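Small disclaimer: the values here were computed from a predicted structure and weren't measured.
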Amino acid sequence: MHLPTRDMLAVIRTKRNMKIAEERAKISVGDPTMGLVSETELKMGADYTKKIADMKTQL
């Protein structure tokens, strides 16, 4: 009995993930907000992201 190699396991995972992606693609709905630019996000997004990260580390 041969154990699967790391490469063989990677191929199996890749095929499984592709099958899952293909199944999800049949029922998926695109995000209509993708590609939109927010002036507020551009100006303040980094600050808010840092504040959120800081709050998470305080918990």
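- Side-chain contacts under 4.5 Å among hydrophobic residues (ILVMFWY), followed directly or transitively, place Val37 together with Leu42.
- With sequence neighbours excluded, the residues that form a salt bridge (charged side-chain N to carboxylate O under 4.0 Å, His left out) with Glu23 are Lys26.
- Screening residues 9-22 for side chain to side chain donor-acceptor pair (under 3.5 Å) gives no qualifying pairs among residues at least two apart or on separate chains.
- The other residues sharing a hydrophobic cluster with Tyr48 are Met44, where clustering joins ILVMFWY side chains under 4.5 Å apart.
- Summarising the geometry, atom CG belonging to Asp47 is positioned 8.5 Å from atom NZ belonging to Lys50; distances are rounded to the nearest 0.5 Å.
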Sequence neighbours left out, cut at 3.5 Å: what donor-acceptor pairs do the side chains of residues 3-12 make with other protein atoms?
unit_1: Thr5; atom_1: OG1; unit_2: Met8; atom_2: N; d: 3.2

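- For Lys56, there are no salt bridge (charged side-chain N to carboxylate O under 4.0 Å, His left out) partners at least two apart in sequence or on another chain.
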